[in-house]
Amino acid sequence: MNPPAGAQGSRRLVVGVTGASGMLYARELFAYLAGRPDLEVHAVASEAGEQVLRHELDLSLRDLAGRRAVLYRVEDIGAAIASGSFLSRGMVILPCTRVSLGAIAQGQSRNLVHRAAEVTLKEKRPLILGVRETPLSLIHLRNLLAAAEAGATIFPLMPAFYHHPQTLTDLARHLVGRILDHLGLEHDLGKRWGE
Ligand SMILES: Cc1cc2nc3c(=O)[nH]c(=O)nc-3n(C[C@H](O)[C@H](O)[C@H](O)COP(=O)(O)O)c2cc1C
């Protein structure tokens, strides 16, 4: 991983939302970020991402991310986050489809979600992929391996139960907390083992 991105970069987080099931996780990530006015959130949703978000939560990316976030159009490949010169702490794609996973793993950036992820990898910044599909085919498994070999952290949306979640929100928060751990962001989302 690259050395810390400097004061400006470490304040920024890029978030991609693609069309997999699991928008509850995205909701909890953005809820956390809403409580962190010290962070700049730069977000982009794929077309399918917006569609599934509407289907699962009846919300748009703007509803989820709030007014403070900088949002980009997925076709805007000239956006700031498409360039490696745009400093950031890293990128999270939550949820991440096997389509976007494949595009990233194969270096075929067909939209701004893929391009921002590609840039994150080439600049050796943390890239977290909250992949969801089941079961996984050999193609998916190979793409997961290729993405991991290129430096991405694979965060399959597999909830844990050892912390005794009482609600779906508890369940989602626990996983989002683990993602935040990987980004070096302090949080109190869920109990840790041994606490
Ligand atoms: C309600 C709904 C749920 C879906 N869930 C998943 C999923 O969990 N994983 C997945 O890979 N694709 C899922 N899809 C299909 C993707 O949205 C679709 O393949 C899309 O083209 C992915 O494009 P994107 O990666 O640009 O978002 C779902 C589609 C719908 C409508």
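Only this structure's heavy atoms are used, side chains among them; waters, hydrogens and symmetry mates stay out. Each ligand, and each atom within it, is numbered from 1 in the order the structure gives. Note that the structure is a prediction, hence the values are computed from the model and not measured.
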> What's the shortest distance from atom 2 (C) of ligand 1 to any protein heavy atom, and which residue and atom give it?
Replying inline: V52 CG2, 3.7 Å
>> I need the L39 CG to L185 CG distance, nearest 0.5 Å.
In response: 6.0 Å
>> Distance under 4.0 Å to a non-hydrogen atom of R132: what atoms of ligand 1 satisfy this?
In response: 7 (C), 8 (O), 9 (N), 10 (C), 11 (O)
> In the protein, which heavy atom is nearest to atom 23 (O) of ligand 1, and how far is it?
Replying inline: A48 CB, 3.8 Å
>> Within ligand 1, which atoms have a heavy atom of E133 less than 4.0 Å away?
In response: 10 (C), 11 (O)
>> Any nitrogen or oxygen of N111 lying under 3.5 Å from a nitrogen or oxygen in ligand 1? Just yes or no.
In response: no
>> Evaluate S100 for polar contact with ligand 1, using N/O atom pairs at a separation under 3.5 Å.
In response: yes
> Nearest 0.5 Å, what's the CG-CE distance between D58 and M23?
Replying inline: 13.0 Å
> Out of H140, H114, R98, E47, who gets a non-hydrogen atom closest to atom 12 (N) of ligand 1?
Replying inline: R98
> So which protein heavy atom does atom 5 (N) of ligand 1 come closest to, and at what separation?
Replying inline: S21 N, 3.2 Å
> Between F161 and H174, is the gap from one ring center to the other below 6.0 Å?
Replying inline: no
> Under 4.0 Å from ligand 1, counting heavy atoms only, is it the side chain of T18, its backbone, both or neither?
Replying inline: both
> Does R132 offer a backbone N or O that forms a donor-acceptor pair with the side chain of R98 under 3.5 Å?
Replying inline: no
> Do any N or O atoms from the side chain of T153 and from the backbone of I128 form a donor-acceptor pair under 3.5 angstrom?
Replying inline: no
> Which residue holds the protein heavy atom closest to atom 6 (C) of ligand 1, what is that atom called, and what is the gap in Å?
Replying inline: A20 CA, 3.5 Å
>> What protein heavy atom lies closest to atom 1 (C) of ligand 1? Include the residue and the distance to one decimal.
In response: H55 CD2, 3.8 Å
> What are the two closest non-hydrogen atoms of L112 and A82, and how far apart are they?
Replying inline: CD1-CB, 3.7 Å
> I93 and I104: side chain to side chain contact (heavy atoms under 4.5 Å, CB included), yes or no, with the steps?
Replying inline: CA-CA 11 Å; I93 304 185; I104 295 160; 3.6 Å; yes
> Heavy atom under 4.0 Å from ligand 1: found in S46's side chain, backbone, both, or neither?
Replying inline: side chain
> Judged by atom type as modelled, is there a donor-acceptor pair below 3.5 Å linking the side chain of R115 to the main-chain atoms of S109?
Replying inline: no
> With the threshold set at 4.0 Å, does a side-chain nitrogen-carboxylate oxygen contact exist between D181 and R178?
Replying inline: yes
> Going by the atom numbers of ligand 1, which of them fall below 4.0 Å from some non-hydrogen atom of G19?
Replying inline: 4 (C), 5 (N), 6 (C), 12 (N), 13 (C), 14 (N), 15 (C), 16 (C), 17 (O), 27 (O), 28 (C), 29 (C)
